[in-house]
Amino acid sequence: MNEFPIVKEYENRIVEILLCEDITECFDEMLQIGARIISGALSPEGKRELAERIRKSIYFLPTEDTPDMLRHVAYLHLMVRLTESKEFYTEFLSYVDGMRIDERYRFFLLMQARYLSYQKPYIITFESDRLFHKIYKRSKQYYADILGNFGSYLKLSQRNAGQTVILTQQYLTDTHRETHITNLIAQEIMISMCQNVFIINTNDLLPVTNVVPLFGIEGHNSMQYLANANSVFVRGLSVPYFQCDDKMPSPDELKIILGTLRELRPEYIISCGDHSITASLAAKIVPVIPGYQIAPDDNPQHIRENLLNYRRMIEEKRFWQIRFKVSENMIN
């Protein structure tokens, strides 16, 4: 099939958008173009041809104001999607790192980059990985500064040995793998560890607020009927549950979550999902264990063993703290 007419049509309209005075006015059309291209309107060869034509037609000045920066970042994001190139992915992250833009919008772009790397892990390089984590640390510090001082780290003796919390970035049905893993961990904590568990869905896997106009934006699904739920059922057991709204990461909601964690004083938190702002901030209150360390797969036996190993380390630490304190008292 001759794709030249389709490629030429896309090229003309995309170049027009990238050269327009205010790219935000084309937001809806950009989403539609991105969705059509990625969903199969063009073959891989057609995408590469389109990318090459756009590259030859677009030029960005060294000094850019805000409209220019929005056009430039949209161009780089589109080129990553069309070419699946390591070089364009690294250039995209480098540009996001250097943009003069509100940190909330930078974090949105970073999470869009995370989605691209999930879908196409072969585009990740040492440099792009370094840039990703550099931007993430900056975003984490931004939210930490907004929230201010939310208390000191809770020592082991101050934490509730019978309480744990699971933070997950997405909670759907049990057929969804990440939700299934979350449910398995909750089940083993309640049955094998004899501890209470509280599931908090931070609902921020791919933020849908503070968006920047791009040729295709990825969001994530959420179960709206759980928005006001106080509990969910896991293998017939009722588990306390809270679901954030779709404005996360929101300073107001983050304050509520961190305040709740300080009240619950859990022995530890398990974070299902990576690069979670909520989990990163919660680590300043109590220990946060990455979910993959507890559940490298969906085998309940492996989850149980990992939980037992971690609890054993906690109990040994508690024992030695108590023994050392008794020894000090005897000396005195």
Side-chain angles (χ1 to χ4, degrees), residues 14 17-35 38 58 60-81 88-119 128-148 169-170 202-220 222 244-255 273-281:
I14 290 172
I17 291 173
L18 291 174
L19 294 177
C20 72
E21 188 172 338
D22 186 1
I23 197 173
T24 59
E25 295 180 353
C26 306
F27 184 74
D28 291 337
E29 186 180 0
M30 292 171 68
L31 293 181
Q32 294 171 9
I33 291 173
I38 302 306
I58 296 295
F60 294 98
L61 296 172
T63 303
E64 299 177 330
D65 55 17
T66 299
D68 293 328
M69 286 191 292
L70 292 178
R71 287 193 290 267
H72 199 159
V73 78
Y75 161 78
L76 291 172
H77 180 263
L78 175 63
M79 296 302 277
V80 176
R81 301 187 88 190
F88 272 119
Y89 181 66
T90 302
E91 187 178 351
F92 173 65
L93 283 171
S94 178
Y95 193 79
V96 170
D97 179 39
M99 285 180 76
R100 300 184 306 278
I101 193 171
D102 190 296
E103 290 302 324
R104 296 170 299 168
Y105 297 99
R106 196 188 315 277
F107 184 71
F108 165 79
L109 290 168
L110 183 67
M111 293 299 101
Q112 292 297 308
R114 178 174 74 163
Y115 177 83
L116 292 173
S117 66
Y118 276 169
Q119 295 296 105
S128 64
D129 191 55
R130 184 191 68 81
L131 285 167
F132 183 96
H133 287 91
K134 176 187 175 185
I135 300 169
Y136 178 76
K137 287 180 180 178
R138 189 156 89 187
S139 296
K140 181 178 69 175
Q141 189 59 49
Y142 167 77
Y143 284 101
D145 292 342
I146 287 180
L147 295 175
Q169 292 180 290
Q170 188 177 26
T202 57
N203 207 21
D204 60 354
L205 182 66
L206 286 166
V208 293
T209 56
N210 306 312
V211 296
V212 175
L214 300 174
F215 289 96
I217 289 174
E218 301 300 334
H220 70 271
S222 62
C244 299
D245 63 23
D246 58 3
K247 296 179 181 178
M248 283 289 281
S250 159
D252 292 336
E253 297 245 359
L254 285 169
K255 285 180 182 178
D274 57 3
H275 301 104
S276 165
I277 289 291
T278 310
S280 295
L281 296 177

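It should be emphasised that the depicted structure is a prediction, and the values quoted were computed from it without experimental measurement. Throughout, residue positions are numbered sequentially from 1 according to the sequence presented.
Taking each heavy atom of A144 and L281 in turn, the nearest pair found is CB-CD2, 3.7 Å. When all heavy atoms of S117 and Y89 are compared, the pair lying nearest together is CB-OH, 3.4 Å. Listed here is the closest heavy atom pair of T90 and S128: OG1-CB, 3.5 Å. Heavy atoms only, all atoms of each residue included: S276 and D204 are closest at OG-OD2, 4.4 Å. Between V73 and V212, the closest heavy-atom pair is CG1-CG1, 4.1 Å. Scanning both residues, L70 and I23, for their nearest heavy atoms gives CB-CG2, 3.8 Å.
Here OG1 of T209 is found 9.0 Å from NZ of K247. Values are rounded to the nearest 0.5 Å. The structure places CG of L93 at 10.0 Å from CG of L76, a figure rounded to the nearest 0.5 Å. Expressed to the nearest 0.5 Å, how far CD of Q32 lies from SG of C26 amounts to 11.5 Å. Considering CD of Q169 and CG of N203, their distance stands at 10.0 Å, rounded to 0.5 Å.
Legend: residues meeting side chain to side chain contact (heavy atoms under 4.5 Å, CB included) with K255, ordered by chain and number and at least two apart, are L147. By the salt bridge (Lys or Arg N to Asp or Glu O under 4.0 Å) test, D68 pairs with R71, sequence neighbours left out. In this structure, the salt bridge (Lys or Arg N to Asp or Glu O under 4.0 Å) partners of K134, at least two apart in sequence or on a different chain, are D97. For the ring pair (Phe, Tyr, Trp, His ring centres under 6.0 Å) test, residues two or more places apart in sequence or in another chain that qualify with F92 are H77. Applying the side-chain hydrogen bond (donor to acceptor under 3.5 Å, both in side chains) test to S222 and every residue at least two apart in sequence or in another chain returns Q224. Every residue two or more places apart in sequence or in another chain that forms a side chain to side chain contact (heavy atoms under 4.5 Å, CB included) with E29 is listed here: R13, I17, I33. The side-chain hydrogen bond (donor to acceptor under 3.5 Å, both in side chains) check on Q141 picks up D145, with sequence neighbours excluded. Partners of D245 by side-chain hydrogen bond (donor to acceptor under 3.5 Å, both in side chains), not counting sequence neighbours: none found. In this structure, the side chain to side chain contact (heavy atoms under 4.5 Å, CB included) partners of D102, at least two apart in sequence or on a different chain, are R104, Y105, Y142. Applying the ring pair (Phe, Tyr, Trp, His ring centres under 6.0 Å) criterion to Y136, with sequence neighbours excluded, gives H275.
Put simply, the side chain of M99 reaches to within 4.5 Å of the side chain of R106, judged on heavy atoms. At least one side-chain heavy atom of F215 sits under 4.5 Å from a side-chain heavy atom of L18. Side-chain contact between I217 and M30 is absent, with no heavy atoms from C-beta onward closer than 4.5 Å. I101 is not listed as a side-chain neighbour of V96, based on a closest heavy-atom distance of 4.5 Å or more.
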Taking it one step at a time, do R138 and E103 satisfy salt bridge (Lys or Arg N to Asp or Glu O under 4.0 Å)? CA-CA 8 Å; R138 189 156 89 187; E103 290 302 324; 3.5 Å; yes
The test is side-chain contact (heavy atoms from CB on, under 4.5 Å); show your working for E91 and Y95 and say whether it passes. CA-CA 6 Å; E91 187 178 351; Y95 193 79; 5.6 Å; no
Start with the C-alpha distance between T202 and E253, add both sets of side-chain angles, then the distance that settles side-chain contact (heavy atoms from CB on, under 4.5 Å), and finish with yes or no. CA-CA 9 Å; T202 57; E253 297 245 359; over 6 Å; no
Between L254 and M248, is the side-chain contact (heavy atoms from CB on, under 4.5 Å) condition met? List the steps. CA-CA 8 Å; L254 285 169; M248 283 289 281; 3.8 Å; yes
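No side-chain donor-acceptor contact under 3.5 Å links S250 and D252.
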Please list, one pair per line, the donor and acceptor atoms closer than 3.5 Å that link side chains of residues 107-114 to other protein atoms, with sequence neighbours excluded.
from : atom 1 : to   : atom 2 : distance (Å)
Q112 : OE1    : E218 : N      : 3.0
Q112 : NE2    : E218 : O      : 2.8
R114 : NH1    : D274 : O      : 2.5
R114 : NH1    : D274 : OD1    : 3.2
R114 : NH2    : L205 : O      : 2.3

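Applying the side chain to side chain donor-acceptor pair (under 3.5 Å) rule to pairs touching residues 18-27 yields D22-T24, sequence neighbours excluded.
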